[in-house]
Amino acid sequence: MDLTPTQVIHAVRLGLRDLVLDSKTIWICASCETCTTRCPQEVDIARVMDAARILARREGRRPRIPEVAAFHRSVLESLRMFGRLYELGAIGALKLRTMRLTEDLDLGLRMFKKGKFRFIPAFANVLATNRIFRRVKKAERART
Ligand code: SF4
């Protein structure tokens, strides 16, 4: 992270838009909500990070950590297609997007041997999932 979460909140309060939206921090934040849970001022820091990512994308800013944006896109595509995460497909899409084809190959093989990946995707309620995607898109359009 190039800014601490505290610095991000401070920058938001000061209106330092470029500093926040062009930071690495907003992309590295995993939205784990640890800071939100522990914040003595009850600031929902994870939500601020989410909002900053959305704004950065909406404004067409290039993500400072493009691999993270590629990861989000790959996971969301998988959810849309299968109604649930198909890990192998999402990883394949991520590898193609980042062109880091052989990176983490040994880790992937070890996970595969332990049965962490399915070869065949399992489908969940694809129609319901797609309804959620459509609702989100509609809400986004209404806001812009
Ligand atoms: S949500 Fe988690 S990853 Fe993001 S800033 Fe807070 S503690 Fe860090």
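Remember, it's 1-based here, ligands and their atoms both numbered in the order they're listed. Keep in mind that what you see is a predicted model, and the values were worked out from it rather than measured.
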Engineer: Are the charged groups of R100 and E67 less than 4.0 angstrom apart, N to O?
Structural biologist: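 Looking at E67 together with R100, the answer is yes, because their closest N to O distance falls below 4.0 Å.
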Engineer: How long is the gap from CG on L76 to CZ on R80, to the nearest 0.5 Å?
Structural biologist: 7.5 Å
Engineer: Less than 6.0 angstrom separating the ring centers of F119 and F112, yes or no?
Structural biologist: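 Centroid distance F119-F112: below 6.0 Å, so yes.
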Engineer: Using 2.8 Å as the cut-off, note every protein N, O or S atom close to atom 4 (Fe) of ligand 1.
Structural biologist: C29 SG
Engineer: With a 4.0 Å cut-off on N to O distance, would you call E87 and K116 a salt bridge?
Structural biologist: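 Result for this pair is no, no salt bridge flagged.
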Engineer: Find the distance between CG (D106) and CG (D104) and round it off to the nearest 0.5 Å.
Structural biologist: 7.5 Å
Engineer: Give me the residue, atom name and distance of the protein heavy atom closest to atom 8 (Fe) of ligand 1.
Structural biologist: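 Closest protein heavy atom to atom 8 (Fe) of ligand 1: M1 CE, 3.9 Å.
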Engineer: Please collect all ring pair (Phe, Tyr, Trp, His ring centres under 6.0 Å) contacts where either partner lies in residues 18-74, sequence neighbours excluded, each pair once.
Structural biologist: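 Every pair satisfying ring pair (Phe, Tyr, Trp, His ring centres under 6.0 Å) with a residue in residues 18-74: there are none.
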